[in-house]
> 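Okay, here's the structure, questions in a sec.
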There are 2 protein chains.
Amino acid sequence: MAPADDQAIEARALDAAEELFYARGLQAVGMDAIRGASGISLKRLYQLFPSKEALIEAYLRRRDERWRAALERYVDDRPAGRERLLAVFDWLGRWFAEPGFRGCAFVNSYGELGATSPGVAAAARAHKDAFRRHLAALVAEADAPAALADHVLLLAEGAITTAALTGGAEPARQAREAVELLLSRSSS
Amino acid sequence: MAPADDQAIEARALDAAEELFYARGLQAVGMDAIRGASGISLKRLYQLFPSKEALIEAYLRRRDERWRAALERYVDDRPAGRERLLAVFDWLGRWFAEPGFRGCAFVNSYGELGATSPGVAAAARAHKDAFRRHLAALVAEADAPAALADHVLLLAEGAITTAALTGGAEPARQAREAVELLLSRSSS
DNA sequence: CACCCCGGAGAACGACCGTTCTCCGCGCGG
DNA sequence: CCGCGCGGAGAACGGTCGTTCTCCGGGGTG
């Protein structure tokens, strides 16, 4: 068995885990459901991930990497400066409009298991930290005051949860609007 | 047995449910734990609430009423106008600093069971709707443009989840700062 | 061809949970 | 004083879940 097989199978397992965990929640999805969706036997699943907790943490880790990479790819297509910072909210708006959007996987996971599972809590904190650092870099690039990074983070975070609850994409537009106002204020 | 007894027992049940559900999550708390914390027998619990779902919904309903009443009491002590709108974030800051603060009960519940339980999803939406209406009224009182209500909602929402993840109260101060900037911008 | 090992399918196991049932004691109406 | 019904404690039941085990077939090796 080539290691390439292992990697491909692991990827399929994580694909199934991500789809199910994100759509239905962590505790609502049993290992059997992941086996059914991935076609990977329970035995093999437990060889790749020693426990459901480990699978959950691997799911969160990979989702963090992919989510941030997708955001970065999107905003890096814009010219550096205010445009690039504002593009964050265009990307959020596209995300909100995707079918099956159900809010931030890390916030959802933290609400469900953060109190019980230190691994889940740490993953959520790491994700938000990395997001915040990215925003701070964009704010610096836009020559805006550093405090704006916190404001932008709160607006993005609020837009994500509000979009999850209302099911629409307008929070992205509203948050972008607020950032534009804050930017014009800080440069006056 | 006087109905007053029933109400007192129901209140004790909801007290226990609120403490446990909020601290540990909905699915992590069994009916047995609520019986242990409240001292109310399972039989009586099921007489008051026909199912765990019903207890969860009653918990959310009561928490919504109390949360919004506490906020309203706090901000109504300030003079009408911008001060009153900004007081929302002072109140949030006090809430964040309370021991056991773990974010918005409705966002957490929605992340955990919103996909499975329509009742939980509806309760979360109703709570955010009512909060938004309250903010809109405060924005109108402050003679600020109506669009500011959405911006303030996003900042408050973002502050709540960010405070939950980082464990500090600064997001309230940062959000207040952003609202001040937006207010000064809109009146210039 | 015989052997062996790996992986798949699914049963099995132990724990837990929501809900109901049994049994018992206690207080009130005759 | 005698029943009788309500409430409490906890066992019981049915289902689910995480995890492990059993059994079996198939493919590579001598």
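Proteins come first, then strands; the chains are lettered A, B, ... in the order of their sequence lines, and each starts at number 1.
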> Which residue lies toward the 5' end of DNA chain C, A/Ile40 or B/Val29, if each is placed at its nearest nucleotide?
A/Ile40
> A/Arg24 CZ to D/dT16 P: how many Å, rounded?
14 Å
> Do B/Arg35 and D/dG10 share a donor-acceptor pair, side chain to base, under 3.5 Å?
yes
> Output the rounded distance in Å from CG (A/Leu42) to P (D/dT22).
16 Å
> Could you give the distance from CZ (A/Arg102) to CD1 (A/Ile160), rounded to the nearest 0.5 Å?
14.0 Å
> Looking only at the side chain of A/Ser51 (C-beta and beyond, no hydrogens), which of the listed nucleotides D/dT19, C/dA9, C/dT19 gets closest?
D/dT19
> Rounded to whole Å, how long is the line connecting atom CD of B/Gln47 with atom P of C/dT20?
12 Å
> Report the nucleotide, chosen from D/dT20, C/dT20, D/dA9, that has the shortest atom-to-atom distance to any side-chain atom of B/Ser41.
D/dA9
> Give a yes or no on whether the backbone of A/Gly103 and the side-chain of A/Tyr22 come within a donor-acceptor separation of less than 3.5 Å.
yes
> Is B/Leu26 reachable from A/Val29 through a run of hydrophobic residues whose side-chain heavy atoms are each under 4.5 Å from the next?
yes
> Could you state the NZ-C1' distance from B/Lys52 to C/dC16, rounded to the nearest angstrom?
11 Å
> Can you see which heavy atom on A/Leu20 is nearest to which on A/Ala37, and at what distance?
CD1-CB, 3.8 Å
> From the list D/dA9, C/dT19, D/dT22, which nucleotide is the closest neighbour of the side chain of B/Lys43?
D/dA9
> Looking at A/Arg61 and A/Glu65, is there a salt bridge between them, counting it only when a charged N and a carboxylate O are closer than 4.0 Å?
no
> What integer distance in Å separates B/Ile9:CD1 from D/dG7:P?
9 Å
> Starting at CD of B/Gln27 and ending at C1' of D/dT16, how long is that distance when rounded to a whole Å?
12 Å
> Rounded to the nearest Å, what distance is computed from the CG atom of residue B/Leu48 to the P atom of nucleotide D/dG8?
10 Å
> Taking atom P of D/dT19 as reference, at what distance in whole Å does atom CD of A/Glu53 sit?
9 Å
> Of the nucleotides D/dG7, C/dG18, D/dG10, which one has an atom closest to the side chain of B/Arg44?
D/dG7
